[in-house]
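The block underneath contains the structure these notes are about, expressed in structure tokens.
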Amino acid sequence: MIKCQNLSKTYPLKKSEGYRALKGLDLKIEKGEFVSICGPSGCGKSTLLNILGFLDIPTGGKYLFKNTDVTSFSDNQRSVLRRQAAGFVFQSFNLLPRLSAQENVKLPMLYLGKNQKEASAKAAELLEKVGLADKRENSILELSGGERQRVGIARALANEPEMLFADEPTGNLDSVNSAEIMKMLAELNKKGGMTVIMVTHDSKLASLTDRIVKIKDGEVAV
Ligand code: ADP
């Protein structure tokens, strides 16, 4: 599904030549895998995830998605692909705090042109799936951290993406909630066949996934 060849990313800096966050990285991820991208802070994990999730472009190398070279896609082409193919779960949840759980899950569907009724029905179904049927109407402020992240997962699934990207999804959670979120990601992968790509600096969490890709200084460590 994903093939990166000699991928590099250099961030421009005002005072020097730029910072090389990725330095010629090769990576393949098959459909249906549950992979963690693991390594110390600053090694380039989020940079890689942003490229894989069509949020950013590399400065060198190639990114093939389902055998299509998406490396030089325009912003517009990338955002279409992103909305269709990628769901995101963030460490800080990135939910709208004053809206209800249901409204948060509906938003990405409304952006894609689904009508209110369909979006409400699908949001209810997804919130039930993540065990929050009874908290649908609660505002995000009325939910615990673990519950917020479950809303985050439901929202990421709203447009039925082919891949789920999770950037330190349990970083703000205690160990009990953390375990629950990991279980949920594993279930989505095992039962739902979802390709799940998770970034973490925590090797214990990484060991719960099927494959660990270790990154060191912008390269895949061997
Ligand atoms: P990780 O997710 O592994 O912590 P990142 O991918 O966020 O690492 O960052 C890799 C390196 O690139 C870091 O040294 C970081 O400071 C640098 N970096 C990230 N984003 C930018 C940016 N927009 N401009 C300049 N440097 C950046």
Indicate yes or no: at least one non-hydrogen side-chain atom of V220 is less than 4.5 angstrom from one of I215. yes
Look at the side chain of S139 and the backbone N and O of L141, then say whether any donor-acceptor pair between them is shorter than 3.5 Å. yes
Specify whether F54 and F65 have parallel, tilted or perpendicular ring planes, treating 30° as the upper limit for parallel and 60° as the lower limit for perpendicular. perpendicular
Exceeds 12 heavy-atom contacts within 6.0 angstrom, atom CG of N115: yes
Between the CD atom in E147 and the CG atom in L127, the distance rounded to the nearest 0.5 Å is 11.0 Å
First locate atom CD1 of I2, then atom CD of E33, and finally report the distance between them rounded to the nearest 0.5 Å. 9.5 Å
Do the side chain of K216 and the main chain of P40 share a donor and acceptor less than 3.5 angstrom apart? no
Contact between N172 and Q149 at the side-chain level, heavy atoms closer than 4.5 Å - yes or no? no
Are M182 and L164 connected, step by step, through hydrophobic side chains (Ile, Leu, Val, Met, Phe, Trp, Tyr) whose heavy atoms are closer than 4.5 Å? yes
Consider side-chain contact (heavy atoms from CB on, under 4.5 Å). Of V196, L208, I29, which one does F34 pass it with? V196
Heavy-atom check, side chain of I153 versus side chain of L185, under 4.5 Å: yes
What are the two closest heavy atoms between G146 and I181, and how far apart are they? O-CD1, 4.0 Å
Output for pair (R98 CZ, E103 CD), nearest 0.5 Å, gives 13.0 Å
D202 and T200: side chain donor to acceptor below 3.5 Å: no
Under a 4.5 Å side-chain heavy-atom rule over Ile, Leu, Val, Met, Phe, Trp and Tyr, are V151 and L99 clustered together? no
Taken to the nearest 0.5 Å, the spacing of L64 CG from T71 OG1 works out to 6.5 Å
Closest heavy-atom pair and its distance - F90, R155: CD1-NH2, 4.1 Å
Under a 3.5 Å distance rule, please check whether T59 uses its side chain to pair with a backbone N or O of S8 as donor and acceptor. yes
Decide if atom CD of E118 counts as having more than 12 heavy atoms of other residues, nucleotides or ligands within a radius under 6.0 Å. yes
Between S92 and N94, do the side chains contain a donor N or O and an acceptor N or O under 3.5 Å apart? yes
Is it possible for you to say whether L27 and V199 belong to one hydrophobic cluster, with membership spreading through side-chain heavy-atom contacts below 4.5 Å? yes
I'd like to know whether NZ of K28 has more than 12 heavy-atom contacts from other residues, nucleotides or ligands below 6.0 angstrom. no
Walk me through it: do M1 and E30 pass the test side-chain contact (heavy atoms from CB on, under 4.5 Å)? CA-CA 5 Å; M1 183 171 245; E30 305 291 345; 5.9 Å; no
What I want to find out is whether R150 reaches E180 closely enough, with some N-O distance under 4.0 Å, to be called a salt bridge. yes
Are I212 and L48 joined in one hydrophobic group, where the rule is that I, L, V, M, F, W and Y side chains link up if heavy atoms are under 4.5 Å apart? no
Atom pair CG/OG1 of N177 and T170 - distance to nearest 0.5 Å: 10.0 Å
Any chance you could lay out the side-chain contact (heavy atoms from CB on, under 4.5 Å) test for S36 and L205, step after step, and finish with the verdict? CA-CA 9 Å; S36 49; L205 287 179; over 6 Å; no
Quick one: are L52 and Y63 in side-chain contact, heavy atoms under 4.5 Å? yes
Would you indicate whether Y11, at its atom OH, is surrounded by more than 12 heavy atoms from other residues, nucleotides or ligands within a distance under 6.0 Å? yes
Donor-acceptor contact below 3.5 Å, side chain R148 vs main chain L143: yes
Just wondering, are more than 12 heavy atoms of other shown residues or ligands nearer than 6.0 Å to CG in D134? yes
Following the transitive rule for hydrophobic clusters with a side-chain heavy-atom cut-off under 4.5 Å over Ile, Leu, Val, Met, Phe, Trp and Tyr, establish whether L157 and V105 coincide in one cluster. yes
Looking only at heavy atoms, what is the nearest atom pair of C43 and K45, with distance? SG-CG, 3.4 Å
Value rounded to 0.5 Å, distance of CG in N138 from CZ in R136: 11.0 Å
More than 12 non-hydrogen atoms from neighbouring residues, nucleotides or ligands closer than 6.0 Å to CD on E17, yes or no? no
Heavy atoms only: give me the nearest A119-K106 pair and the separation to one decimal. O-CG, 3.6 Å
I'd like to check F93 versus L173 (side-chain heavy atoms, cut-off strictly below 4.5 Å). Are they in contact? yes
Mind checking whether R83 and N159 have side chains closer than 4.5 Å, heavy atoms only? no
Smallest separation among heavy atoms of V89 and P169, with atom names: CG1-CB, 4.0 Å
Quick one: does K31's side chain get under 4.5 Å of T195's, heavy atoms only? yes
Note, L110 side chain near Q116 side chain (heavy atom, < 4.5 Å): yes
Might you work through the side-chain contact (heavy atoms from CB on, under 4.5 Å) test for R82 and L55, ending with a clear yes or no? CA-CA 7 Å; R82 182 164 67 238; L55 290 162; 3.4 Å; yes
Please check this pair: side chain of E219 against backbone of G24, looking for a donor-acceptor N/O pair closer than 3.5 Å. no
Residues L96, I140; criterion side-chain contact (heavy atoms from CB on, under 4.5 Å); working and verdict: CA-CA 7 Å; L96 294 175; I140 298 304; over 6 Å; no
For a quick test of reading the model, state the closest non-hydrogen atom pair linking D167 to S46 and the distance between them. OD2-OG, 3.2 Å
Should the pair K129-E187 be classified as a salt bridge under the 4.0 Å nitrogen-to-oxygen rule? no
N/O donor-acceptor pair under 3.5 Å between K214 side chain and G39 backbone: no
Residues, nucleotides or ligands: over 12 heavy atoms within 6.0 Å of K114 NZ: yes
Between N189 (side chain) and G32 (backbone), is there a donor-acceptor pair under 3.5 Å? yes
